[in-house]
There are 2 protein chains.
Amino acid sequence: MRALARELRTAVSALYNHVSSKDEVLNWVQDDVNDAIDTSSFGSEPWDIALTRWARSYRETFAKHSPLIPVIAVLPIAGAPHTLTMYERVAEGLRTGGWPEDMVVDTIVAVESFILGSAMDASAPEWIFDVGDRCDLAPAFTDAVAARRGSGRPASDRAFVLGLNALITGLQNTLKEIDEFPNSAGLASFGR
Amino acid sequence: MRALARELRTAVSALYNHVSSKDEVLNWVQDDVNDAIDTSSFGSEPWDIALTRWARSYRETFAKHSPLIPVIAVLPIAGAPHTLTMYERVAEGLRTGGWPEDMVVDTIVAVESFILGSAMDASAPEWIFDVGDRCDLAPAFTDAVAARRGSGRPASDRAFVLGLNALITGLQNTLKEIDEFPNSAGLASFGR
DNA sequence: ACCTGAACACCGTTCAAGT
DNA sequence: ACCTGAACACCGTTCAAGT
């Protein structure tokens, strides 16, 4: 709040004439950041392609604003029009793509959880998995960390692409099973 | 630090004789919390079953300690022996399960990203997706939110199970493709 | 070697006093 | 209606002074 006041050339206390708390400011910021996420593929592309594009744009946007991640993850969406519009496009895209209505939100939340977790990971230092001393405690892991080193792009990008491909493939599979055995749709979404 | 000092019945400044910063304390806490995560299925079960059990235990543990999530997500693991031991068990389980060594860490990171994202989501209020006024901006989404209401267990649990099933199914698929076409392993992990 | 209390440079928020 | 400066109740961390 002090930094914001400085930028606006006012006293900190003056802010509270326009805003009821820092949380309200963050809500506005969240809505502004969410507006930068690309949802243009929904409507023109199949749901799985569009969801992949959305996920990449979403992660990229929040990797640039990592301190916001734990905040927006628990922030109610009421009163954030751009955020609402984003979810509307995704929900409409999934519905049109054949997803049953009672699974649309769960699908969005699942993909979003992966995205936000990946965006946090992207803001971690590259050497986060360096074992240091105590290689003795984790020989197989130490080897695995060494084996993935030096392959061009950042490690977190590789993990994201691997996971996103797997997640989308798995979701395609879930949807196909629902279409083939409509009565066991509940089972597919609930697990054992 | 002040709360910790109170609990230990000392002055806050006395803590700094035993610890160099709050971050070091959090590193210890992280290691202690990670020790509660169940990795016992690795070794006795196939990698996909074990990974599923691990993921459930991991999410449950950190859903109970949500303020730690953004911290541990970027905390280096050096000097955290229990954390190292956990990763060792998972890495060893994936290697034994047939995963190529240079994909083990990426697979762990991908699943972990989903877990931590889901644990954050689990600590959000249940009404996070209530649209409030402005239903006009998101009719399809509003319907989807209504459609998933009132189905027993918490919404975040359903999204987690749906996503975890999809993710593991997708990873099984990725591994199968690698076994069938070993030379395109790079493609499978890198995406297009 | 370890403790203590005071101090420093920060926070978000409130409030009486101004215009 | 909106601003100002002082104040409140917090932070993590440092440091001179003690034992």
Side-chain angles (χ1 to χ4, degrees), chain A residues 1-35 61-83 116 119-121 123-128 130 132-133, chain B residues 1-35 62-83 116 119-121 123-125 127-128 130 132-133:
Chain A
M1 299 301 277
R2 275 162 169 91
L4 179 59
R6 201 180 322 126
E7 200 132 344
L8 298 174
R9 291 180 223 288
T10 23
V12 212
S13 50
L15 298 176
Y16 288 87
N17 285 307
H18 306 90
V19 130
S20 73
S21 68
K22 185 183 174 181
D23 256 36
E24 193 177 339
V25 177
L26 288 174
N27 214 319
W28 295 351
V29 173
Q30 176 228 29
D31 201 43
D32 205 58
V33 170
N34 276 335
D35 197 31
T61 302
F62 276 94
K64 278 184 233 149
H65 304 282
S66 56
L68 265 181
I69 299 171
V71 178
I72 68 115
V74 300
L75 217 56
I77 62 170
H82 293 120
T83 305
L116 293 179
M120 279 196 304
D121 181 61
S123 70
E126 274 283 329
W127 46 275
I128 187 173
D130 285 2
D133 46 355
Chain B
M1 300 300 277
R2 275 162 169 90
L4 179 59
R6 201 180 322 125
E7 199 133 342
L8 298 174
R9 290 180 225 288
T10 22
V12 212
S13 49
L15 298 176
Y16 288 86
N17 285 306
H18 305 92
V19 130
S20 72
S21 69
K22 185 183 175 181
D23 255 36
E24 193 177 339
V25 177
L26 288 174
N27 213 320
W28 295 351
V29 174
Q30 176 228 33
D31 201 43
D32 205 57
V33 170
N34 276 336
D35 197 32
F62 276 94
K64 277 185 235 149
H65 304 282
S66 56
L68 266 180
I69 298 171
V71 179
I72 67 117
V74 299
L75 217 56
I77 62 171
H82 293 121
T83 305
L116 293 179
M120 279 195 304
D121 181 62
S123 71
W127 45 277
I128 187 172
D130 285 2
D133 47 354

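Below, read A as the first sequence line, B as the second, and so on, with proteins coming before strands; counting in each chain starts at 1.
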*asked:* Less than 4.0 angstrom between a side-chain N/O of B:H18 and OP1 or OP2 of C:dA1, yes or no?
replied: no
*Evaluate the side-chain proximity of B:D130 to A:P76: yes if any heavy-atom separation is below 4.5 Å, no if none is.*
no
_Taking CH2 in B:W127 as the centre, count heavy atoms belonging to other residues, nucleotides or ligands within less than 6.0 Å. Is the count above 12?_
no
*Which whole-number value in Å describes the distance from B:N17 CG to D:dC15 P?*
13 Å
_Note, A:L116 side chain near B:D121 side chain (heavy atom, < 4.5 Å)_ = no
_Ignoring hydrogens, what is the shortest heavy-atom contact between B:F62 and B:I69? Give both atom names and the distance._
O-CD1, 3.8 Å
_Secondary-structure string, 5' to 3', Watson-Crick or G-U under 3.5 Å, | for another-strand partners, for DNA chain D_ = ||.|||||...|||||.||
*Are side-chain heavy atoms of B:T83 and B:Q30 found at a separation under 4.5 Å?*
yes
*Spacing of A:L15 atom CG and A:K22 atom NZ [to the nearest 0.5 Å]*: 12.0 Å
For nucleotides 7-13 of chain C, print each protein N/O atom paired with a nucleotide N/O atom at under 3.5 Å, atom names and distance only.
| residue | atom | partner | partner atom | Å |
| --- | --- | --- | --- | --- |
| C:dC11 | N4 | A:R2 | NH2 | 3.4 |
| C:dG12 | OP1 | A:K22 | NZ | 2.9 |
| C:dG12 | OP2 | A:M1 | N | 3.2 |
| C:dG12 | N7 | A:R2 | NH1 | 2.4 |
| C:dG12 | O6 | A:R2 | NH2 | 3.1 |
| C:dT13 | OP2 | A:Y16 | OH | 2.5 |
| C:dT13 | OP2 | A:K22 | N | 2.9 |
| C:dT13 | O5' | A:Y16 | OH | 3.2 |

*At their closest point, which heavy atom of B:M120 faces which heavy atom of A:P70, and how far apart are they?*
SD-CA, 3.9 Å
*asked:* Quick check: do B:V25 and B:M1 have side-chain heavy atoms less than 4.5 Å from each other?
replied: yes
*d(CG, A:L15; C1', D:dG5) in whole Å*: 14 Å
